[in-house]
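The structure appears below as structure tokens.
Below, each value reflects all heavy atoms present in this structure, side chains not excepted, and no hydrogens, waters or symmetry copies. On a predicted model such as this, the values are computed, not experimentally measured, just so you know.
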Amino acid sequence: GLPSVSGSFAARWAGTTDRSKGRILPSALLGTLSAAGGYLLYVQGKSNDSQFSTTAGILLVTVGTPVLTTVGDRIFRSLR
């Protein structure tokens, strides 16, 4: 939700140049999907006592979400 949208605004703001700027919707969508997937992996790992799923969920939320948000901003960039 809100962290993914704010992350996409930050990626757009930080990556804006004189010639291009990022689009918020694609990067917010990628960030939200990866955050939700990481959270679901974490919950599944906790409920099944799976250390692998728990760790994968934590890594997806803490590392994967910012990376995918940045990549989404770079891929769906529009020229001015």
Side-chain angles (χ1 to χ4, degrees):
L2 185 59
S4 299
V5 172
S6 62
S8 66
F9 273 111
R12 179 183 184 200
W13 174 75
T16 299
T17 66
D18 291 339
R19 299 183 47 88
S20 67
K21 67 178 179 177
R23 295 187 346 203
I24 294 173
L25 187 60
S27 61
L29 183 61
L30 282 173
T32 302
L33 287 174
S34 67
Y39 179 72
L40 290 174
L41 268 173
Y42 176 78
V43 169
Q44 179 195 18
K46 282 295 189 181
S47 66
N48 293 333
D49 291 329
S50 171
Q51 185 64 35
F52 178 77
S53 291
T54 302
T55 304
I58 291 170
L59 286 174
L60 186 57
V61 169
T62 59
V63 176
T65 299
V67 167
L68 285 175
T69 301
T70 304
V71 168
D73 182 68
R74 294 283 182 189
I75 291 174
F76 297 105
R77 187 158 284 277
S78 61
L79 297 177
R80 291 184 182 191

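- Applying the side-chain contact (heavy atoms from CB on, under 4.5 Å) rule to Val43 yields the partners Tyr39; only residues at least two apart in sequence or on another chain are considered.
- Side-chain heavy atoms closer than 4.5 Å link hydrophobic residues (I, L, V, M, F, W, Y) into clusters, and following such links, possibly through other members, connects Ile75 to Val67.
- The distance from the OG atom of Ser20 to the CZ atom of Arg74 is 7.5 Å, given to the nearest 0.5 Å.
- Atom CG of residue Asp73 and atom CG of residue Leu68 lie 12.5 Å apart, to the nearest 0.5 angstrom.
- How far OG1 of Thr70 is from CG of Leu30: 10.5 Å, rounded to the nearest 0.5 Å.
- Note that the OG atom of Ser50 and the OH atom of Tyr42 stand 12.5 Å from one another [nearest 0.5 Å].
- The structure places CG of Asn48 at 9.0 Å from OG1 of Thr54, a figure rounded to the nearest 0.5 Å.
- In the hydrophobic clustering, where aliphatic and aromatic side chains (Ile, Leu, Val, Met, Phe, Trp, Tyr) are joined below 4.5 Å either directly or transitively, Leu60 groups with Leu41.
- Of all non-hydrogen atoms in Gly72 and Ser27, the two that sit nearest each other are C-CB, 4.1 Å.
- The side-chain hydrogen bond (donor to acceptor under 3.5 Å, both in side chains) test applied to Thr55 returns Gln51, not counting sequence neighbours.
- When hydrophobic clusters are built by joining Ile, Leu, Val, Met, Phe, Trp and Tyr residues whose side-chain heavy atoms come closer than 4.5 Å, directly or via intermediates, Phe76 is not grouped with Leu29.
- In this structure a side-chain-to-backbone donor-acceptor pair under 3.5 Å is present from Ser47 to Gln44.
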